[in-house]
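Single-structure report; data block below.
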Amino acid sequence: MSTNNFLDLVKGQLIVSCQALKGEPLYSSFIMARMALAAKEAGAVAIRANSVVDIQAIQDEVHLPIIGLNKVDYPDSPVYITPTLKEMRAVAATGAEVVACDVTNRPRPNGEKLSDIVVQMRQEFPDTLLMADTATLADVQTADTLGFDIIGTTMHGYTPETTGLSLADDDFDYLRQVLKTAKHTVIAEGKVDTPAKLRTCLDLGAHAVVVGGAITRPLQIAQGFIDAISD
Ligand SMILES: CC(=O)N[C@H](C=O)[C@@H](O)[C@H](O)[C@H](O)COP(=O)(O)O
């Protein structure tokens, strides 16, 4: 019987994504761990983190549940969030309570099939929850069919089909549709960049909300201020 009470722990709460890729000013496992400490002290109940080294550094710094992922670029696929079984296994092996991966109906590296990956993960890591990073309602239905425990809106606005779209567009119309469509637990994620949007996502029925850049990407945050004074 699964002892994974992640969903109970995060219900109605904020999850902070602490990520910085190579090339970003804060690219450092140490810095991501300190970001996670700040998030915990603010009251966040879980952390979303990228890469085994960052996950381990964060686990050493804060005892909060983790949504783990591993971003890897492959030449034969546009999918980069935990794209293959190799990355899924590596993240699950850290003990992260949740493993998140791309579910956007695009070809995966090495021709891997998501359905096969899910079956293998259920066998090898029965207590680890799986989170689908989706972009469209069709992806939400795929995630439901494959039995993902959590459906994230993570990739909405980040695929060719959804470029430029945002969760908050048209009074959160897309999130409302996801909440109506999804059979599994929905966590709102992607461009939730103000406290008011966080509140609205929860009021509309999201189980929890992930906020990343608006809290943990100072370059992105500062650029917003610069844009406001750039005529
Ligand atoms: C598209 C993509 O790769 N998103 C990634 C998913 O892990 C992260 O870079 C985002 O920061 C995270 O989803 C939180 O979103 P936001 O930073 O907008 O609050």
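Atoms within each ligand, like the ligands themselves, are counted from 1 in listed order.
Ligand 1 has no atom lying under 4.0 Å from any heavy atom of A214. Assignment of Q220 to the shell around ligand 1 is not supported, since no heavy atom sits closer than 4.0 Å.
Distance from atom 14 (C) of ligand 1 to its nearest protein heavy atom, with residue and atom name: E189 OE2, 3.7 Å. Looking only at heavy atoms of the protein, atom 17 (O) of ligand 1 is closest to G213 N, 2.8 Å. Distance from atom 11 (O) of ligand 1 to its nearest protein heavy atom, with residue and atom name: R217 NH1, 2.9 Å. Closest protein heavy atom to atom 6 (C) of ligand 1: R48 NH2, 3.4 Å. In this structure, atom 9 (O) of ligand 1 lies nearest to the protein heavy atom K71 NZ, 2.9 Å. The nearest protein atom to atom 18 (O) of ligand 1, hydrogens excluded, is given as K191 N, 2.7 Å; this is a heavy-atom distance.
In terms of polar-atom proximity, G212 is counted as a contact of ligand 1, with an N or O under 3.5 Å from an N or O of the ligand. Residue I81 has no N or O atom closer than 3.5 Å to an N or O atom of ligand 1. At a 3.5 angstrom cut-off on N or O pairs, Y80 counts as close to ligand 1.
Ligand-side atoms of ligand 1 in range of T154: 6 (C), 13 (O), range being under 4.0 angstrom from any heavy atom. In summary, the atoms of ligand 1 found under 4.0 Å from a heavy atom of G190, numbered by their order in the structure, are 15 (O), 18 (O). Every atom of ligand 1 with a heavy atom of V211 under 4.0 Å away is listed here by number and element: 19 (O). Using a 4.0 Å cut-off to heavy atoms of Q19, the atoms of ligand 1 that qualify are 6 (C), 7 (O), 8 (C).
Between the side chains of S17 and Q19, at least one donor N or O sits under 3.5 Å from an acceptor N or O. No hydrogens or angles considered: nothing links the side chains of Q56 and D60 as a donor-acceptor pair under 3.5 Å. Between N70 and T82, the side chains place no donor N or O within less than 3.5 Å of an acceptor N or O (distance only, hydrogens not considered). Side-chain contact, T134 with D139: no donor N or O sits under 3.5 Å from an acceptor N or O. Looking at T159 and T162, their side chains do bring a donor and an acceptor atom within 3.5 Å of each other.
For the pair D171 and R176, the salt-bridge criterion is met [side-chain N within less than 4.0 Å of a carboxylate O]. Under 4.0 Å is where a charged nitrogen must lie from a carboxylate oxygen, and between E189 and R48 at least one such pair does.
In N105, the CG atom is not crowded: 12 or fewer heavy atoms of neighbouring residues, nucleotides or ligands sit closer than 6.0 Å. Other residues, nucleotides and ligands contribute more than 12 heavy atoms inside 6.0 Å of the CD atom of Q13.
Using a 4.5 Å heavy-atom cutoff, the side chains of R217 and P25 are not in contact.
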